[in-house]
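Working notes for the structure below.
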Amino acid sequence: MKLHLSLLLLSFSLTLLSQETPREIALEGALEVRIHAEFSSVFVTTGGTDALLVSHSVAIAGQERPELRKLTVEREGDVLHLREVKPSGNLLHEQRPSANYLPASGGQLEEKGASTSLLVDATLKVVVPANVKVSVSTNFGSIKTVNVAGLLSARARYGAVQAVFASAPLALNLDLYSSYGAVDVTIPADRGLDVDLTTKYGDVRTDLGIEVDASVSKAEQDFQQLIGKVAGGGRVITCTAPYGDVYLRKG
């Protein structure tokens with residue numbers, strides 16, 4: 001019965017989201033939204049009170065290709081899952097099967113070692129109500145969030161992660177991670193934080209005054225971890241970028 005209900009919800013959501021974007025998705029009591037993009041870059045902001053506003057676009061060489069995009073929506077208790085099914089790396093490779101591809105920043109795919117390039121621009125924009133918890137992940141794209149007070153985590157594989165908190169507070173625990181890109185977070189200088197900033201082959205850069213805990217922080221040739229407090233400490237933020245730089249900026 002549970003599986004049958006899930007399939008009905010999935011079928012409904014596919015029909016809804018295959019239409020022209022942007023579209024509203026009612027929260028219907030959901031307290032948390034988990035967004036996963038396979039290929040697109042994800043941009044999240046806040047607004048509204050009881051629904052998500054979702055825009056999903058895929059363009060190849062500047063030409064919009066709606067048949068290459070698809071999102072699903074599933075509800076699990078008070079959690080709403082928004083997942084990108086199309087585009088995927090395999091699907092885009094089928095557009096030119098003989099090519100070798102290199103993922104580029106900003107959710108683009110570029111043909112490698114050829115006289116012409118296949119440029120794919122894929123973007124998923126989501127506006128969430130301010131009182132909703134949010135988690136975001138993407139494989140090939142980047143992530144940017146602006147004033148998303150409910151942000152719990154943002155995790156990218158190949159793209160960069162950027163989080164800006166100009167007016168919104170941070171969650172009690174915030175986790176930002178990029179396997180191969182940079183992690184960049186901007187906060188007001190007077191925001192009390194406990195920070196853990198880690199990179200293996202990049203650099204940790206900040207213009208904020210951090211009271212560094214020398215007993216647990218590390219600075220080695222191929223590893224940096226800065227642990228300390230900003231403005232006396234408070235909410236916890238963890239930024240990890242094994243192959244990229246970590247930026248903690250004063251906003």
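All values derive from a computational prediction rather than experimental measurement.
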Nearest non-hydrogen partners of Ser137 and Ile143, listed with the distance:
CA-CD1, 4.1 Å
Side chains of Thr199 and Asp245, heavy atoms from C-beta outward: is any pair under 4.5 Å?
no
side-chain contact (heavy atoms from CB on, under 4.5 Å) with Leu248: of Leu226, Val204, Val183, Leu208, only one passes, and it is Leu208
Apply side chain to side chain contact (heavy atoms under 4.5 Å, CB included) to residues Asp203 and Gln224 and explain how you reach the verdict.
CA-CA 7 Å; Asp203 291 313; Gln224 294 183 57; 3.1 Å; yes
hydrophobic_cluster_shared for Val73 and Val134, side chain cutoff 4.5 Å:
yes
Looking only at heavy atoms, what is the nearest atom pair of Ala166 and Pro188, with distance?
O-CG, 3.9 Å
When you group the ILVMFWY residues by side-chain heavy-atom contacts below 4.5 Å and let the links chain together, are Val195 and Tyr177 in the same group?
no
Measuring from atom OG of Ser57 to atom CG of Leu124, what distance do you get when rounded to the nearest 0.5 angstrom?
8.5 Å
Gap separating the OG1 atom of Thr145 from the CZ atom of Phe165, nearest 0.5 angstrom:
5.0 Å
Go through the structure and list residues passing side chain to side chain contact (heavy atoms under 4.5 Å, CB included) with Ala231, not counting sequence neighbours.
none
For Gly159, is there any backbone N or O sitting under 3.5 Å from a side-chain donor or acceptor partner on Ser178?
yes
Is there a donor-acceptor pair closer than 3.5 Å between any side-chain N or O of Ser41 and the backbone N or O of Ser142?
yes
Nearest heavy-atom neighbours spanning Asn147 and Thr46
O-CG2, 3.3 Å
Listing request: all salt bridge (Lys or Arg N to Asp or Glu O under 4.0 Å) pairs with a residue in residues 47-64, at least two apart in sequence or in separate chains.
Glu64-Arg69
Between Ile60 and Leu68, is there a side-chain heavy-atom distance shorter than 4.5 Å?
yes
List the atom of Val42, the atom of Ala37, and the distance in Å for their closest heavy-atom pair.
CG2-CB, 3.6 Å
Who are the side chain to side chain contact (heavy atoms under 4.5 Å, CB included) partners of Glu38, not counting sequence neighbours?
His36, Glu84, Ser88, Asn139, Phe140
Would a distance-only check, ignoring hydrogens and angles, find a side-chain to backbone donor-acceptor pair under 3.5 Å from Glu211 to Gly232?
no
Separation between CG of Leu152 and CG of Leu170, rounded to the nearest 0.5 Å
11.0 Å
Linking I/L/V/M/F/W/Y whenever their side-chain heavy atoms sit closer than 4.5 Å, directly or via other members, would Leu197 and Phe223 fall into one cluster?
no
To the nearest 0.5 Å, what is the distance between SG (Cys239) and CG (Leu174)?
7.0 Å
Quick one: which of Val79, Val132, Asn131, Asp78 gives a side-chain contact (heavy atoms from CB on, under 4.5 Å) with Leu31?
Asp78
Output for pair (Arg75 CZ, Leu80 CG), nearest 0.5 Å, gives 4.5 Å
Using every non-hydrogen atom in the two residues, find where Glu24 and Ala51 come nearest and quote the distance to one decimal.
OE1-CB, 4.3 Å
Please check if Ile210 and Val185 belong to a single hydrophobic cluster, counting links between Ile, Leu, Val, Met, Phe, Trp and Tyr side chain heavy atoms closer than 4.5 Å.
yes
With a 3.5 Å distance limit and no angle check, can you tell me whether Thr138 reaches the backbone of Ser40 through a side-chain donor-acceptor pair?
yes
With a 4.5 Å cut-off on side-chain heavy-atom distances among I, L, V, M, F, W and Y, is there a chain of contacts connecting Leu193 to Val212?
yes
Mind checking the CG-CG spacing from Leu52 to Leu27? Nearest 0.5 Å is all I need.
5.0 Å
Could you tell me which non-hydrogen atom of Tyr247 sits nearest to which non-hydrogen atom of Ala182, and how far apart they are?
CE1-CB, 4.2 Å
Looking at residues at least two apart in the chain, or sitting in another chain, which of them share a salt bridge (charged side-chain N to carboxylate O under 4.0 Å, His left out) with Arg235?
none
Quick check: does any side chain N or O of Asp194 sit under 3.5 Å from a backbone N or O of Gly234, one acting as donor and the other as acceptor?
yes
Could you pull out all residues at least two apart from Asp196 that satisfy side chain to side chain contact (heavy atoms under 4.5 Å, CB included)?
Thr198, Gln225, Ile227, Thr238
Under the salt bridge (Lys or Arg N to Asp or Glu O under 4.0 Å) definition, can you give me all pairs with a residue in residues 149-176, not counting sequence neighbours?
Arg155-Asp175
